[in-house]
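This report refers to the structure that appears directly beneath it.
Just so it is clear, the model here is predicted, and its values are computed rather than measured.
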Amino acid sequence: IDNLFADAVEKGIVTDRQTIELMLESMLRHATTESPDPKYGREGIADYIKYHYVTRDHRESVNKTQDYAYGDFSIARIAEHLGKTELAEEFYERSLYYRNIFNTEKTFMLSKDKQGKERDDWTQFDWGGDYTEGGPWQNSFAVFHDFHGQAELMGGKDKMIEKMDKLFATPPLFNGCGYGGLIHEMSEMASVDFGQCALSNQPSFHIPYIYSFMGAPDKTAYWVRKACKELFNSGNKGYPGDEDNGSTSGWYVFSALGFYPVCPSVAEYVVGSPTVSSAVIHTDSGKDFTIKAECNSDENIYVGEMLLNNRKYHKTFLEHRDIKAGGELIFKMQSRPSNSKYSDHELPYSVSKKR
């Protein structure tokens, strides 16, 4: 819920200060108070505050730690919007707690007990238990607000790119130990040729777009276009997995347009590879935003150049305000990677980079 509130504020959907103050009040309660019923609120929040990670005695603790860090980032965004500087700084710091469960040797997010000890019997293919509907490969990259920071933990952008390449190259093996058997997300991942990227399910939705944060949008383009073509078709019954509340079709619609909201709470969309030749977004401002993909085809999947309102645009993300203002975005598609170089300010938002 935290990122939904922050996204609404960031994108100007909610502007009334009284409403935003109420949002922040409820978010702070959510982030600081343990509910007597684990079905509500942030389970294990007392341990998260004490140890700076959710301890392993709470199921799916790896995902919870990353989710709470992202939620804290969303709180910081709203606090900053309201001019509450000290509160924003406190929660920006908390948003970096994901670092406390990252193992720099294994380069995965691993659970810890209250003494800070990791599992002795851990394997890279273990599903469930410490992870949600996946394992270390699917659930070690839910750092939507700070991929720059995660890359630093990896050893730099090139190391992060190597890790993502390995993710797609690793066979779709799994161990259902945390579930006591097979769940449908396992068989769905195994049925397609995307390695450990399980695009049939939400934890992997953003994974192809991580390359664009690293300055390698051509790799994003390759995997996004491959997914749109091979996983969303009549032979696949339309979807690669179950259609949870519109999320799977939402992934496809955004990806077909050529960009994706990797990090709600930040008013940006990460560039991929459009499958459409043209599209029009009717914005609530009353101004249309037109998308054109010149020379688009099954072979021309890479973005050679972008023009935003007839000006060259050299970033790996779009800003919400530019879409809402109306205008025209032209993708000039080509068959070979562009191999363009990008400076930090041309890459999407990361909290450790921007502060």
Where the side chain of [X] meets the backbone of [Y], is there a donor-acceptor pair that is under 3.5 Å apart?
X	Y	answer
N139	V62	no
T33	H30	no
D146	S352	yes
N300	S297	no
E188	G241	no
E185	A198	no
R225	P274	yes
D37	K39	yes
E328	I291	no
E93	E90	no

Is there a side-chain contact between [X] and [Y] (heavy atoms, below 4.5 Å)?
X	Y	result
S111	R119	yes
T275	S255	no
D284	K324	yes
Y209	V271	no
S204	Q196	no
F73	N3	no
D130	M109	no
M164	I207	yes

In this structure, are over 12 heavy atoms from other groups packed under 6.0 Å from [X] atom [atom1]?
X	atom1	value
K159	NZ	no
N245	CG	no
K226	NZ	yes

Regarding [X] and [Y], does a basic nitrogen lie under 4.0 Å from an acidic carboxylate oxygen?
X	Y	answer
R17	E21	yes
D113	K117	no
K353	E152	no
D47	K112	no
D67	R42	no
R336	D218	no

Could you list all the ring pair (Phe, Tyr, Trp, His ring centres under 6.0 Å) pairs where at least one residue sits in residues 290-315, not counting sequence neighbours? H314-Y342
Are [Y] and [X] connected into the same hydrophobic cluster when the rule is that any two of I, L, V, M, F, W, Y join if their side-chain heavy atoms are below 4.5 Å apart?
X	Y	value
F259	W223	yes
Y179	L173	no
V266	I75	no
V270	L329	yes
V54	M27	no

Can you see whether H320 engages Y269 through a side-chain donor-acceptor pair at a distance of less than 3.5 angstrom? yes
Would you say the side chains of T316 and S212 form a donor-acceptor pair under 3.5 Å? no
Working to the nearest 0.5 angstrom, can you tell me the gap between [X] [atom1] and [Y] [atom2]?
X	Y	atom1	atom2	value
S74	L24	OG	CG	11.5 Å
L96	H52	CG	NE2	11.5 Å
Y211	M160	OH	CE	10.0 Å
I45	K64	CD1	NZ	11.5 Å
D2	I78	CG	CD1	8.0 Å
R94	E89	CZ	CD	13.5 Å

Could you walk me through whether M306 and I330 pass the side-chain contact (heavy atoms from CB on, under 4.5 Å) check? CA-CA 6 Å; M306 287 190 292; I330 297 175; over 6 Å; no
Sorted by chain and residue number, the side-chain hydrogen bond (donor to acceptor under 3.5 Å, both in side chains) partners of T132 (sequence neighbours excluded) come out as E60
Which heavy-atom pair separates [X] from [Y] by the least distance, and what is that distance?
X	Y	result
E243	S249	OE2-OG, 2.5 Å
T248	D244	OG1-N, 4.1 Å
K166	W137	CG-CH2, 3.8 Å
A88	E80	CB-N, 3.8 Å
E10	R77	OE1-NH2, 2.9 Å
S140	F108	OG-CD2, 3.5 Å

Using side-chain contact (heavy atoms from CB on, under 4.5 Å), reason through V351 and Y349 one step at a time and then give a plain yes or no. CA-CA 7 Å; V351 62; Y349 179 97; 3.8 Å; yes
Determine, stepwise, if the pair Y51 / N100 fulfils side-chain contact (heavy atoms from CB on, under 4.5 Å). CA-CA 9 Å; Y51 300 103; N100 298 320; over 6 Å; no
Residues which pass salt bridge (charged side-chain N to carboxylate O under 4.0 Å, His left out) with K50, listed by chain and number, not counting sequence neighbours: none
Please state whether the rings of F144 and F147 are parallel, tilted or perpendicular, taking 30° and 60° as the class boundaries. perpendicular
Can you classify the ring geometry of F205 versus W251 as parallel (below 30°), tilted (30 to 60°) or perpendicular (above 60°)? tilted
Carefully, step by step, assess K219 and M214 under the rule side-chain contact (heavy atoms from CB on, under 4.5 Å). CA-CA 10 Å; K219 288 178 178 283; M214 302 298 110; over 6 Å; no
Quickly, which of Y70, F91, Y48, Y53 forms a ring-ring contact (aromatic ring centres under 6.0 Å, His included) with Y97? Name it, please. Y48
